[in-house]
Amino acid sequence: MIDPQLLRDNPELLKDSARRRGEDEHVIDELLAVDQRKRAAQTHYDELRAQQKILSKQIGPLQGRSRKDPTNEDVRAQLDELMLTAGVLAEQVKAADAQTGSLTSALKALWLQVSNVVDPRSPVGGEEDFVVVSTHGTPRDFTTEGFTPRDHLELGGLLGAIDVERAAKVSGSRFFYLTGIGALLELALLNMAIAQATRYGFIPVVPPVLVNSPAMEGTGFLGQAAENVYRLDADDAYLVGTAEVPLAAMHADEILDAEALPMRYVGWSTCFRREAGSHGKDTRGIIRVHQFDKVEMFVFTTPDEADAEHKRLLAWEQEFMDALEIPYRVIDVATGDLGSSAARKFDIEAWIPTQGTYREVTSTSNTTQFQARRLGIRTRKDGAPAPIATLNGTLCAMPRMIVAILENHQQVDGSIYVPEALRGYLGQDVLAVRP
RNA sequence: GGAGGGAUGGCCGAGCGGCCGAAGGCGACGGUCUUGAAAACCGUUGAGGCGGUACCCCCGUCUCCGUGGGUUCAAAUCCCACUCCCUCCGCCA
């Protein structure tokens with residue numbers, strides 16, 4: 001949600017943002033109109049209600065007098081008249097209440113359709129209109145090395161690390177088993193990621209992955225993204241697509257101590273994604289799957305600090321990539337591909353040799369006040385409640401990081417070079433092919 | 001799954017259907033006192049909407065006592081449903 005004051009003061013800003021995202025700007029006009037009607041209705045209700053309170057307060061004492069002196073016709077008459085007026089007023093109050101009630105829900109429904117205001121620096125356009133911020137490391141030249149690289153699935157087979165065929169038997173397409181060294185690799189990455197994050201003061205969290213609708217809605221995943229969310233109908237619950245959801249919602253409806261900011265959490269969770277609308281995309285291997293584990297950084301900070309924190313999150317993501325010695329580039333994601341919550345987003349794309357291109361492995365978003373407002377998370381500034389900003393960033397999405405490691409660090413015999421930083425966590429310096 | 005108890009302000013905890021946004025205590029903040037601190041004493045101390053001046057202060061008004069309905073001129077207080085928490089029993093981990 002966006003500051004409602006911004007809507008009234010500067011609706012053009014919201015419209016401009018919607019245009020940049022390629023979203024319907026008409027909603028803003030509608031919002032403006034309903035907002036005004038709602039406020040008028042509210043005022044009307046308030047006035048009626050104030051009158052009602054005044055009348056109601058007179059009834060009590062009058063009833064007292066009437067009881068003490070039942071023969072007094074005058075008091076009796078006054079009371080009857082008062083009750084009559086109050087009765088009429090009560091009807092009006094009820095009607096006015098219903099009116100504001102329906103306008104309030106209409107307003108809320110409209111607000112839920114509005115995405116965050118984009119950062120003016122975000123490149124305008126669709127998915128392909130990103131801007132490359134920087135490139136790091138050099139992709140290997142397998143031609144010079146004299147062999148054709150195997151893709152991660154083939155390597156996973158040789159290593160006994162990945163099994164998608166049996167996963168298909170058990171769960172369907174887009175599922176996988178990590179077995180043997182594959183499972184160990186995930187655990188090593190997990191420990192390495194958590195170690196890095198805690199070194200920088202992040203509080204490690206293992207969150208719930210089954211959440212209720214306020215949590216899902218508050219983080220902005222029930223809008224356009226809803227089709228990618230698993231919903232458990234019988235329980236009105238949702239499986240999260242990222243730890244961002246339970247981490248953000250953890251402090252819902254709280255006023256956070258300003259002294260404690262920034263509050264940095266690193267969550268480890270399983271993530272579930274329906275991948276609706278991506279039929280035929282990345283059907284091979286474990287690049288796009290319905291279920292995977294991920295280590296996610298999440299920060300609550302002041303709006304002033306959000307931009308600087310965003311850069312820090314990116315730097316921490318890069319540090320992790322650097323440590324794994326994977327060539328990558330950083331892109332500034334275009335407005336049409338931000339998702340409803342983010343004002344600005346950087347993706348890190350790892351080089352994937354067998355695809356001859358860079359593919360997203362991690363991502364960091366500045367969601368400014370958008371999620372915090374929806375979730376009712378605030379801080380206190382000069383004694384008064386003040387808005388807060390939230391940010392998130394992937395430290396390590398397991399399947400894609402495993403893909404990047406296997407493919408980039410493969411050797412001619414199918415074994416895998418283990419980057420030095422990972423060795424301590426894995427306990428070996430090469431992943432050997434199964435005999 | 002069965003039986004019972006509970007949900008009130010940062011925390012604890014009172015609250016005959018009207019005088020309750022809510023006693024009292026704790027905590028926090030400000031002040032008096034003190035060389036300083038503690039103690040004692042005095043005072044302040046929830047959030048949100050709308051309006052007056054459309055930044056803040058201030059003032060007015062409405063809303064909020066787990067959530068949603070209902071009864072009533074009037075609901076923290078009565079009724080119904082739901083959610084969550086606690087205790088006990090059973091079952092599964």
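Residue numbers start from 1 in every chain, and the chains themselves are labelled A, B, ... in the order their sequence lines are given, proteins ahead of strands. Values below: every heavy atom of this structure, side chains too, minus hydrogens, waters and symmetry copies.
- Each of A:Gly87 and A:Pro385 has a nearest nucleotide on RNA chain B; the 5'-most of these lies closest to A:Pro385.
- The interatomic distance linking A:Gln99 (CD) with B:C50 (C1') rounds to 16 Å, in whole Å.
- Nearest-nucleotide assignment on RNA chain B puts the 5′-proximal partner with A:Lys57, out of A:Arg8 and A:Lys57.
- Between A:Glu91 atom CD and B:U72 atom C1' the separation is 12 Å, expressed in whole Å.
- Atom-to-atom, CG of A:Asp236 to P of B:U83 comes out at 11 Å; the value is rounded to the nearest Å.
- With salt bridges taken as basic N to acidic carboxylate O contacts below 4.0 Å, one links A:Arg199 and A:Glu319.
- With B:C73, B:U61, B:A75 as the choices, the nucleotide that has an atom nearest any side-chain atom of A:Ala90 turns out to be B:C73.
- Ion pairing between A:Arg121 and A:Asp307 holds under the 4.0 Å rule for side-chain N and carboxylate O.
- Of the candidate nucleotides B:C50, B:G48, B:G18, B:G48 has the atom nearest to the side chain of A:Arg378.
- The stretch residues 27-45 of chain A comes close to RNA chain B through A:Arg39, A:Thr43, A:Tyr45, each having a heavy atom under 4.0 Å from the strand.
- Here the side chain of A:Arg49 is nearest to one of B:G49, B:A74, B:A47, namely B:A74.
- Ring planes of A:Phe300 and A:His251: perpendicular class, angle over 60° (limits at 30 and 60°).
- In this structure, CG of A:Asp253 is placed 15 Å from C1' of B:G10, rounded to the nearest angstrom.
- At the heavy-atom level, A:Gln52 lies under 4.0 Å from the strands shown only through sugar-phosphate atoms.
- Here A:Ile59 lies in heavy-atom contact (under 4.0 Å) with a base.
- For B:A47, one of the phosphate oxygens OP1 or OP2 lies less than 4.0 angstrom from a side-chain nitrogen or oxygen of A:Arg380.
- Within 3.5 Å, no donor on the side chain of A:Asp46 pairs with an acceptor on the base of B:G51, nor the reverse.
- Counting to the nearest Å, the P atom of B:C50 and the CG atom of A:Leu7 are 11 Å from each other.
- The aromatic rings of A:Trp316 and A:Phe202 sit perpendicular to each other, their planes meeting at more than 60°, with 30° as the lower class boundary.
- Listed pair A:Lys53 / B:U63 meets the phosphate criterion, a side-chain N or O lying under 4.0 Å from OP1 or OP2.
- Within 4.0 Å (heavy atoms only), A:Lys381 reaches no atom of the nucleic acid at all.
- The only option from A:Val118, A:Asp332, A:Asp129 that meets the side-chain contact (heavy atoms from CB on, under 4.5 Å) definition with A:Pro123 turns out to be A:Asp332.
- For the pairing with A:Leu153, the side-chain contact (heavy atoms from CB on, under 4.5 Å) check across A:Leu158, A:Ile162, A:Leu406, A:Asp163 returns one residue only, A:Ile162.
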